[in-house]
Amino acid sequence: MTKNELNDKLQQLVREAAAGDGHIQRSEVEQCFGGEHFSPEQIDMVCEFLLSRSVIVDGYIRQEQKNAPAAEEKPAASWTEEEQKWLDMYETDLAAVRPEKPDEWDQLMDDLRSGAAAGAKRRISEIFLPEVLKIAKEMYQPGVILQDVIQEGNLQLVLFADQIAPAGASDEASVRKALETELRESMQAYLAAQSEVHARDSKLVKKAEDFHDGVETLKNEYGRKVYLDEAADFMNISEDEAEAILRLTGDQVPDDTENGGAQSSGASDGPARG
């Protein structure tokens with residue numbers, strides 16, 4: 001399989017998931033790559049890619065979840081001061097939500113079947129708001145804003161509750177389990193996507209720092225300002241990439257140049273200022 005063929009299949013799966021409310025079955029992934037004789041490990045890599053694109057892969061369990069001891073408890077999260085303040089306010093708001101009554105679920109199922117579905121679905125969403133908070137706390141990852149994770153979970157809760165079919169609403173345990181599974185999978189996909197963004201941003205920051213250090217080294221060596229082509233050559237990167245890094249850090253690259261060496265036209269001929 002060529003790189004282009006692999007990319008085409010991956011994009012095909014992303015499109016199929018988008019058409020299916022962001023979900024796809026692991027079996028569908030296996031079927032898509034069935035002719036390529038992918039190993040289970042390779043299928044897992046495809047599932048990880050899909051998670052990074054906010055696709056929920058039903059039936060896929062991440063390796064760290066498989067290996068985690070059942071009795072092991074995750075250390076208590078350490079919130080930032082801003083997160084703790086927001087969390088205190090949010091928990092206060094949640095406490096004001098009407099708690100579920102012992103016999104309320106049966107009435108909600110009756111309402112779904114009798115045609116009063118809209119109100120019943122809204123109430124089901126309310127009942128599950130504390131579950132969203134609980135799962136968000138369990139899945140918390142430093143570097144990802146807790147408030148964003150909770151809001152993502154609340155959004156998915158509303159969307160999934162709206163899809164509850166009256167005909168299958170009589171089994172309370174099944175509905176509750178489906179809701180919890182949906183919440184965990186959607187929030188896991190969100191966290192995976194955010195982790196990839198964070199990793200990419202960290203790489204860009206590291207590149208910018210390395211480039212700045214390289215420019216400072218050349219300035220000290222030459223005893224003068226350093227030009228873009230010189231810095232790019234020193235860092236073994238293209239001038240386009242060097243210019244992109246400069247612009248990322250907010251530096252301006254003048255169009256003119258005083259470099260006495262080989263020159264080319266355009267903004268990339270300007271000096272790189274560290």
Side-chain angles (χ1 to χ4, degrees), residues 1-15 36 38-39 41-55 62-64 78 80-83 139-149 152 188-274:
M1 173 181 286
T2 66
K3 182 177 179 180
N4 287 339
E5 289 173 338
L6 173 61
N7 185 64
D8 287 344
K9 284 183 176 291
L10 292 174
Q11 296 308 317
Q12 173 189 338
L13 289 172
V14 171
R15 289 193 297 270
E36 307 302 330
F38 270 25
S39 67
E41 291 75 17
Q42 289 173 309
I43 294 296
D44 284 350
M45 291 176 66
V46 174
C47 292
E48 283 294 323
F49 168 83
L50 293 173
L51 281 175
S52 74
R53 296 299 184 272
S54 299
V55 172
R62 307 184 90 175
Q63 193 61 43
E64 57 265 30
S78 178
T80 65
E81 183 178 351
E82 183 178 351
E83 284 177 325
M139 292 185 169
Y140 176 79
Q141 294 178 6
V144 180
I145 300 174
L146 177 65
Q147 180 179 353
D148 291 346
V149 181
E152 174 68 17
Q188 180 188 67
Y190 177 80
L191 285 168
Q194 292 302 306
S195 295
E196 180 175 290
V197 170
H198 181 70
R200 185 173 66 244
D201 290 347
S202 296
K203 289 179 181 178
L204 288 174
V205 170
K206 182 65 166 59
K207 277 188 176 184
E209 291 175 346
D210 289 346
F211 188 80
H212 174 80
D213 292 343
V215 169
E216 289 300 313
T217 298
L218 288 178
K219 284 172 64 177
N220 291 333
E221 180 180 340
Y222 295 163
R224 60 169 172 80
K225 63 184 177 183
V226 177
Y227 290 90
L228 191 66
D229 56 347
E230 295 173 326
D233 185 61
F234 180 75
M235 298 300 297
N236 196 29
I237 59 178
S238 69
E239 291 186 33
D240 286 342
E241 184 175 0
E243 184 176 0
I245 292 173
L246 282 175
R247 297 197 184 282
L248 176 69
T249 58
D251 288 323
Q252 298 298 316
V253 184
D255 290 334
D256 60 319
T257 179
E258 299 172 10
N259 189 359
Q263 300 177 11
S264 60
S265 61
S268 62
D269 293 321
R273 297 180 295 173

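- Within a 6.0 Å radius of CD in E82, other residues, nucleotides and ligands contribute 12 heavy atoms or fewer.
- Residues forming a side-chain hydrogen bond (donor to acceptor under 3.5 Å, both in side chains) with Q12 (at least two apart in sequence, or on another chain): E16.
- Under the side-chain contact (heavy atoms from CB on, under 4.5 Å) criterion, D148 pairs with I145, Q151, Y190, not counting sequence neighbours.
- The environment of N236 atom CG is sparse: at most 12 non-hydrogen atoms of other residues, nucleotides or ligands sit within 6.0 angstrom.
- Residues passing the salt bridge (Lys or Arg N to Asp or Glu O under 4.0 Å) test with E221, sequence neighbours excluded: none.
- Partners of S238 by side-chain contact (heavy atoms from CB on, under 4.5 Å), not counting sequence neighbours, listed by chain and number: D240, E241.
- Between L146 and E83, the closest heavy-atom pair is N-OE2, 3.2 Å.
- Closest approach of M235 and G214 over heavy atoms only: SD-CA, 3.9 Å.
- The two residues R224 and E230 make their nearest non-hydrogen contact at NH2-OE2, 2.8 Å.
- Contact detail for L218 and A231: the closest heavy-atom pair is CD1-CA, 3.8 Å.
- Formation of a donor-acceptor pair under 3.5 Å by the D233 side chain with backbone atoms of D229 is not found in this model.
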